[in-house]
Amino acid sequence: AWISPTAQIGAECSLGPGVFIGDGAIIGDDCDLYPGVHVGANCRLGKSVTLYPHVVLYHEVHLDDRVIIHANAVIGADGFG
C-alpha cells in the first residue's frame, strides 16, 4: 500500500496490497479497503466503510458511515452530461 504522509488512517483499518491513499484523505475507524483500491486526494470516509477490490474514489469524495462499494466501481468521475 502507498499512503500519503498527509493522510489520516483511523483505528482498526484493514488495507490490502496495492491500496493507494492520496494527500489529505481521511479514513475513519474500522474501514476495510481491499486490494487495488484508490482513494484520491481529500477524500473522507466515515466509520466502517468497505471498499471492495479496485474501487476508485476520485478527489474530494465523501462517504458516510457504513457505506459498502462493490468491486470496480468508480465514484466521482465526470458524468455524461
Side-chain angles (χ1 to χ4, degrees):
W2 186 88
I3 303 169
S4 168
T6 62
Q8 299 175 29
I9 309 296
E12 304 296 323
C13 288
S14 173
L15 306 178
V19 167
F20 173 92
I21 300 177
D23 293 336
I26 298 173
I27 311 297
D29 295 339
D30 299 314
C31 290
D32 292 316
L33 280 58
Y34 282 74
V37 166
H38 177 100
V39 178
N42 300 314
C43 285
R44 307 263 189 275
L45 278 62
K47 296 177 183 177
S48 301
V49 170
T50 300
L51 303 179
Y52 283 105
H54 305 288
V55 166
V56 175
L57 303 180
Y58 282 103
H59 65 282
E60 298 183 12
V61 169
H62 296 190
L63 302 177
D64 211 354
D65 296 342
R66 295 177 303 281
V67 171
I68 298 171
I69 300 181
H70 290 278
N72 297 310
V74 178
I75 309 296
D78 293 336
F80 292 105

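In this text the structure is predicted, and so the values were computed from the model without any measurement.
- As a member of the Ile/Leu/Val/Met/Phe/Trp/Tyr network built from side-chain separations under 4.5 Å, Phe20 groups with Trp2.
- Taking all atoms of both residues into account, the shortest heavy-atom contact from Cys13 to Gly28 is SG-O, 3.0 Å.
- Shown here for Ala1 and Gly16, the closest heavy-atom pair between the two residues is CB-O, 4.1 Å.
- Residue pairs meeting the side chain to side chain donor-acceptor pair (under 3.5 Å) criterion with at least one partner in residues 55-68, sequence neighbours excluded, do not occur; the list is empty.
- When all heavy atoms are compared, the tightest approach of Cys31 to Lys47 is SG-C, 4.5 Å.
- Residue Ile9 is found in a hydrophobic cluster whose other members, listed by chain and number, are Ile3, Leu15, Val19, Ile21, Ile27, Leu33, Val37, Val39, Leu45, Val49, Leu51, Val55, Leu57, Val61, Leu63, Val67, Ile69, Ile75; membership requires side-chain heavy atoms under 4.5 Å apart, directly or through intermediates.
- Nearest heavy atoms, Ile68 versus His70: CG2-NE2, 3.9 Å.
- For the side chain to side chain donor-acceptor pair (under 3.5 Å) condition, the pairs that include at least one residue of residues 18-38, sequence neighbours left out, are Ser4-Asp23.
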